[in-house]
J.: 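Dumping the structure here so I can ask a few things about it.
Every chain is numbered from 1, with letters handed out A, B, ... down the list of sequences.
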Protein chains: 2
Amino acid sequence: MKNLVAGVDIDRVHTSYALVDEFGKIYAKGSFSTQEPKNFREYVARLKDEIVALSDTLDTPHAIMAVGIGAPNSNYYTGEIENAVNLAWKGRLPLAQELSSIFDNKPVVVTNDANAAAIGEMIYGGAKGMKDFIVITLGTGLGSGIVVGGNLLYGHDGYAGEAGHMTVVKNGRECGCGRKGCLECYASSKGVRNTAIELLAQSDMPSKLRKIPQDALTSKDIALAAKSGDAVAKKCFEYTGTILGEALANLVAVTSPQTIFLCGGVANAKELILTPTRRAMEKNILPLWKGKVKLTFSALEYENAPILGAAALAIKEIEKRNVVVARRKIF
Amino acid sequence: MKNLVAGVDIDRVHTSYALVDEFGKIYAKGSFSTQEPKNFREYVARLKDEIVALSDTLDTPHAIMAVGIGAPNSNYYTGEIENAVNLAWKGRLPLAQELSSIFDNKPVVVTNDANAAAIGEMIYGGAKGMKDFIVITLGTGLGSGIVVGGNLLYGHDGYAGEAGHMTVVKNGRECGCGRKGCLECYASSKGVRNTAIELLAQSDMPSKLRKIPQDALTSKDIALAAKSGDAVAKKCFEYTGTILGEALANLVAVTSPQTIFLCGGVANAKELILTPTRRAMEKNILPLWKGKVKLTFSALEYENAPILGAAALAIKEIEKRNVVVARRKIF
């Protein structure tokens, strides 16, 4: 009998899920449309049915020990998704509790995608054996999963790790959060795109990017242009990396990680983003950490990272529940 | 038989120590000149002798269970003081190990003063029962002790919590760390003083502070002037609090504390510093935390806070050693 966990990644459009073992081996995976079920209750029932159906396809005798879910605006402490702007259902959705109640009371844990990515890195990726590290997800926004002393930094309410909303430019770009100058307005796929548009407007320098309609321009286009030598595109990544590196230096001052892992779409630009980020981080870091904090890419395969992160969250939860802490006894 | 711990606070000039119980009751205290012993070995021997002599004065039958030490540049993980610029002895000084070896192998733990202040707040002060909070010490510099999930955030090398060295002003004031624009160049007694000097130079506004020679001007003078209505002095605290509050908003985004406690000399300015700091923090904080993160003063008596923090560190260490964690056993 093989013990497995289910890892689930929920985004606006798709729900992806997989059955995974403790080594990150994916036994089977599937997906369905997040938007298809008519309401939240139907969605939860569908998710359970999908996992059970997937489980039935496996030849290996196995048991599903727990379910880990990465979802936007979800809270590890409450098990809820709370007012996710990217999902159709509003309010507080008790995802962990509802799924567990219709799924043999299995442990179900939720967290946001950046936290799941960090746990994934720790259990399956480049952070094995590390107790203090940070994963930065450079997607549409910027997420951060911060691990300290071997545990995710959830903060008092479950919402810690919002490094994307550190203010880095006073009165800077308008952020979706309602404020201005947040890190994620610069270091994210949207940020890269907006930087390119600004740079194109600021000069007449020739650039391939001028041929692409602004609406269609993506950070991937900009990375491709930069790789082919486009000066504006290269400058765009220099600028992005500089702002990110300066912010990471501040983050290091607070948390002193051993390694910072970059992942997400913008990280696919590889050295284009890594080199200027590292340069700016090293330039701005406290002397005691110069040359000591590693900046690298996630070791998880890009495509499977979200479900592996969610699966790792489930593994970590089982681990946690198995740890018996003796009663405090001092004097 | 009463179980006590020894709390020791080491600064450049004085070494203060006390015997304390688990409720923060100080049974006896003493101090000696940090600079008197000829070398580090003699210093350690003197420290042990002083604690033993103090212990001998107590009528209450007791045992000293552990020693906690707050010292500049000291590292919890290694037990060493490392290249403390404020102390006469250079290099790496194995304080915890040396003291323990001549003191019946008692547990000896060291950390910096801001971390000790945070543990003090948790065990004896306003953070009792809190698992996620921050203590900011506004002294000559700015220190931060960050508690997450009930434990100090030490980072991978023991040096986390350097919030005073987050860069807050690009190409700003020169910092003792060799960089520019660090938070502690603005939010500290030295920072308040330098702000006042800048403000005095920038206008001809009348101010009592003009009567004090620059060399002699202290943040206490400025606080007294502000309390008596001096416009320059008031503006100085407004400016200090604004920079501090903006930085705290970023710190909240990363760590999501329940409460932030201010302590140290500048905190004695009370509402003069608290009001603008709170205003700037609230203005710059992510909407989800607006009105939810408490900003207040340390509940520890100013004079005894350092030795109580050190004593609390010892208490926390005993607690930690008593916690038996069952072996990891998952699959």
J.: Using a 6.0 Å cut-off, check whether atom NZ of A/K2 has over 12 heavy atoms from anything other than its own residue.
T.: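 Yes, enclosed.
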J.: What closest approach, in Å, do A/V254 and B/A160 show between heavy atoms, and which atom pair accounts for it?
T.: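 Heavy atoms of A/V254 and B/A160 come nearest at O-CB, 3.4 Å.
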J.: I'd like to verify something: which residue of A/L183, A/T259, A/T255 has the highest number of heavy-atom pairs under 4.5 Å with chain B?
T.: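 The residue among A/L183, A/T259, A/T255 with the greatest pair count is A/T255.
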J.: Which bit of A/E246 comes within less than 4.5 Å of chain B, counting heavy atoms only: side chain, backbone, both or neither?
T.: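 Side chain of A/E246 only, per the 4.5 Å heavy-atom cut-off to chain B.
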J.: Tell me the closest heavy-atom pair linking A/I285 and B/R179, and the distance in Å.
T.: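 What the structure gives for the nearest pair is O-CD, 3.3 Å.
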J.: Heavy-atom pairs under 4.5 Å with chain A - which of B/A247, B/A249, B/P287 has more of them than the others?
T.: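 Highest number of heavy-atom pairs under 4.5 Å: B/P287.
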J.: Please flag which part of A/K170 lies under 4.5 Å from any non-hydrogen atom of chain B: side chain, backbone, both or neither.
T.: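 Only the side chain of A/K170 comes within 4.5 Å of chain B.
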J.: Tell me, do B/W289 and A/E162 make a side-chain contact under 4.5 Å, heavy atoms counted?
T.: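 Of all side-chain heavy-atom pairs linking A/E162 with B/W289, at least one is under 4.5 Å.
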J.: Rounded to the nearest 0.5 Å, what's the gap from CG on A/D157 to OG on B/S256? Could you check?
T.: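 Separation between the atoms: 3.5 Å.
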J.: Below 4.5 Å from any heavy atom of chain A, which atoms of B/L288 appear? Answer side chain, backbone, both or neither.
T.: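 Side chain only.
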J.: Tabulate, in ascending numerical order, the residues of residues 144-153 of chain B having at least one heavy atom closer than 4.5 Å to a heavy atom of chain A, or enter 'none'.
T.: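 Result: B/I146, B/V148, B/L153.
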J.: Can you confirm whether more than 12 heavy atoms, excluding those of A/K283, are under 6.0 Å from its NZ atom?
T.: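 Check fails, neighbour count at 12 or below.
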J.: Heavy-atom pairs under 4.5 Å with chain A are the metric here; pick the option from B/G158, B/C175, B/G161, B/A163 that has the most.
T.: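 Most pairs with chain A among the choices: B/G161.
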J.: So, B/N250 side chain and A/M166 main chain: donor-acceptor pair closer than 3.5 Å or not?
T.: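 Judged by distance alone, no pair lies under 3.5 Å.
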J.: Check the surroundings of atom NZ in A/K90: do more than 12 heavy atoms from other residues, nucleotides or ligands lie under 6.0 Å from it?
T.: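 Above 12, so yes.
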